[in-house]
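This report refers to the structure that appears directly beneath it.
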Amino acid sequence: MSIYLDRDHLKGFVEQKDIEKISKHIEKAHQDLESKAGAGAEYTGWCDLPSRVEDSFIAELEQLGRDVRNDSDCIVSIGIGGSYLGIRAVEEFLRGTELPIFYAGLNMSADYHHNLLKKLEGRKPTVVVISKSGTTTEPAIAFRIIKNFLKDKFSEAELKSRVICVTDQSKGALRKVADQNGYRSYVIPDDVGGRFSVLTPVGLVPLALAGADIRGLIEGARAGEKIYSQFNLDENISYLYAATRYLLYKKGKVIEVTASFYDNLFYVLEWWKQLYGESEAKDGKGIFPSSLILSTDLHSMGQLMQDGVRNVFETFVDIKQPDHTLEIPMEDEDLDGFNIVAGKDLDYVNTQAHIATASAHFDGKVPNMTISLCKGDAYHLGQLFYFYERAVAISGYLLGVNPFNQPGVEAYKKKMFALLGKA
Ligand code: PA5
């Protein structure tokens with residue numbers, strides 16, 4: 001196993017016997033998911049997606065990536081929500097890719113896109129437009145703007161070769177745009193919803209073009225699929241995580257703060273927030289997902305975590321073996337008093353900060369757990385993606401909601417379209 005779950009700081013809140021008491025419910029949720037008898041079963045194609053992704057498809061994308069990188073110096077990824085966050089999560093977790101990725105269509109700010117166009121000046125981008133529905137306002141408008149910007153810079157034929165669409169097989173405006181203009185396109189499977197789609201062409205295409213390790217990502221997710229699709233409450237830590245948070249919720253802990261002492265997890269946690277917020281929060285139920293990056297947020301949110309309303313639980317995400325070590329230097333005059341750690345690795349101090357924070361927050365009545373990844377590479381991230389996906393499906397079923405729809409997201413769109421005069 002390369003991901004671990006530490007549940008030491010749950011004593012008095014959730015004990016093993018509490019998990020055993022609901023084991024029948026967890027088993028039912030598991031069976032409903034496996035047999036496709038549960039709510040939203042038509043969107044559970046992500047369950048066996050890692051093992052269904054063909055190695056030949058990975059090789060095809062790796063080759064496409066090499067070809068694109070020969071003739072492009074950046075990738076522009078246009079998309080929002082599930083068609084954006086997973087890509088950025090991988091890129092930032094890996095601390096960058098061979099080609100930089102610029103993001104468009106994640107908002108409708110003129111200033112943001114103006115600055116983006118300035119950054120693209122003089123560059124040779126390959127543009128990936130991603131939209132499952134093919135009708136989302138933000139990426140559709142951003143695509144217009146980017147196309148318009150590039151049309152003076154490249155011939156029609158070259159512009160065409162620089163655009164790749166990732167969308168539905170037959171539905172939506174983006175499918176029409178791709179087919180009518182002859183853009184290269186990749187299909188998002190019907191049975192995988194936006195927030196579960198990072199391991200489909202949604203994530204794999206832009207990441208492969210940028211040179212990220214998509215093979216490692218898929219191999220990690222395959223390992224996750226093997227472990228986390230088993231109903232075995234001694235070993236399946238994804239189910240234990242789901243059950244624990246459900247029990248905490250039942251005790252009034254309605255906010256989950258996922259916190260990490262590793263800054264490269266910032267967008268992984270943004271991805272996690274979408275996955276959990278959109279999947280669980282409906283019918284007046286659900287845990288509010290929130291995130292912190294530490295130490296920095298300890299100096300802004302630490303007071304709230306230690307002493308605020310006690311409706312919060314915390315899940316740390318840790319990387320056991322970071323890529324680098326950095327020795328803390330000795331100083332002759334020791335004015336700051338930190339020669340006590342001179343000669344030690346900086347991450348040693350980071351680890352002590354984690355241990356101290358988890359203990360202090362527990363003392364402050366914030367139950368907490370820690371998910372530890374052995375390493376911060378694509379393999380472990382792929383496994384973590386699957387861990388989280390599987391857990392949210394189970395916890396959604398435990399809550400009695402359909403974890404695979406998002407009816408609430410439509411409300412603002414209807415009002416916005418009315419204001420814009422769009423039918
Ligand atoms: O989870 C979801 O379905 C949404 O957040 C979508 O990912 C987001 O709205 C983008 O949708 P689309 O890919 O259809 O443009």
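One is the number of the first residue; the rest follow in order along the sequence. Read the numbers this way: they start at 1 and go in the same order the structure lists the ligands and their atoms.
For the ring-ring contact (aromatic ring centres under 6.0 Å, His included) test, no residue two or more places apart in sequence or in another chain qualifies with His113. Scored by the side-chain hydrogen bond (donor to acceptor under 3.5 Å, both in side chains) test, Lys171 finds no partners at all (sequence neighbours excluded).
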If you look at each N/O of ligand 1, which protein N/O atoms lie under 3.5 Å away, and at what distance?
| residue | atom | partner | partner atom | Å |
| --- | --- | --- | --- | --- |
| ligand 1 | 1 (O) | Gln274 | NE2 | 3.0 |
| ligand 1 | 1 (O) | Glu278 | OE1 | 2.5 |
| ligand 1 | 5 (O) | Gln274 | NE2 | 2.7 |
| ligand 1 | 5 (O) | Glu278 | OE2 | 3.2 |
| ligand 1 | 7 (O) | Gly82 | N | 2.8 |
| ligand 1 | 13 (O) | Ser83 | OG | 2.6 |
| ligand 1 | 13 (O) | Lys132 | N | 2.7 |
| ligand 1 | 14 (O) | Lys132 | N | 3.3 |
| ligand 1 | 14 (O) | Ser133 | N | 2.7 |
| ligand 1 | 14 (O) | Ser133 | OG | 2.7 |
| ligand 1 | 14 (O) | Thr136 | OG1 | 3.4 |
| ligand 1 | 15 (O) | Ser131 | OG | 2.6 |
| ligand 1 | 15 (O) | Thr136 | OG1 | 2.5 |

Taking distance alone, no hydrogens or angles, what donor-acceptor pairs closer than 3.5 Å link side-chain atoms of residues 79-90 to residues at least two apart or in another chain?
| residue | atom | partner | partner atom | Å |
| --- | --- | --- | --- | --- |
| Tyr84 | OH | Arg88 | NH1 | 2.9 |
| Arg88 | NE | Glu92 | OE2 | 3.3 |

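For the side chain to side chain donor-acceptor pair (under 3.5 Å) test with Gln406, the passing option among Lys282, Arg195, Gln274 is Arg195; the others fail. A side-chain contact (heavy atoms from CB on, under 4.5 Å) with Trp272 holds for exactly one of Val317, Thr258, Leu265, Thr315; it is Thr258.
Annotation: Lys320, atom NZ; neighbour count of heavy atoms from other residues, nucleotides and ligands within 6.0 Å does not exceed 12.
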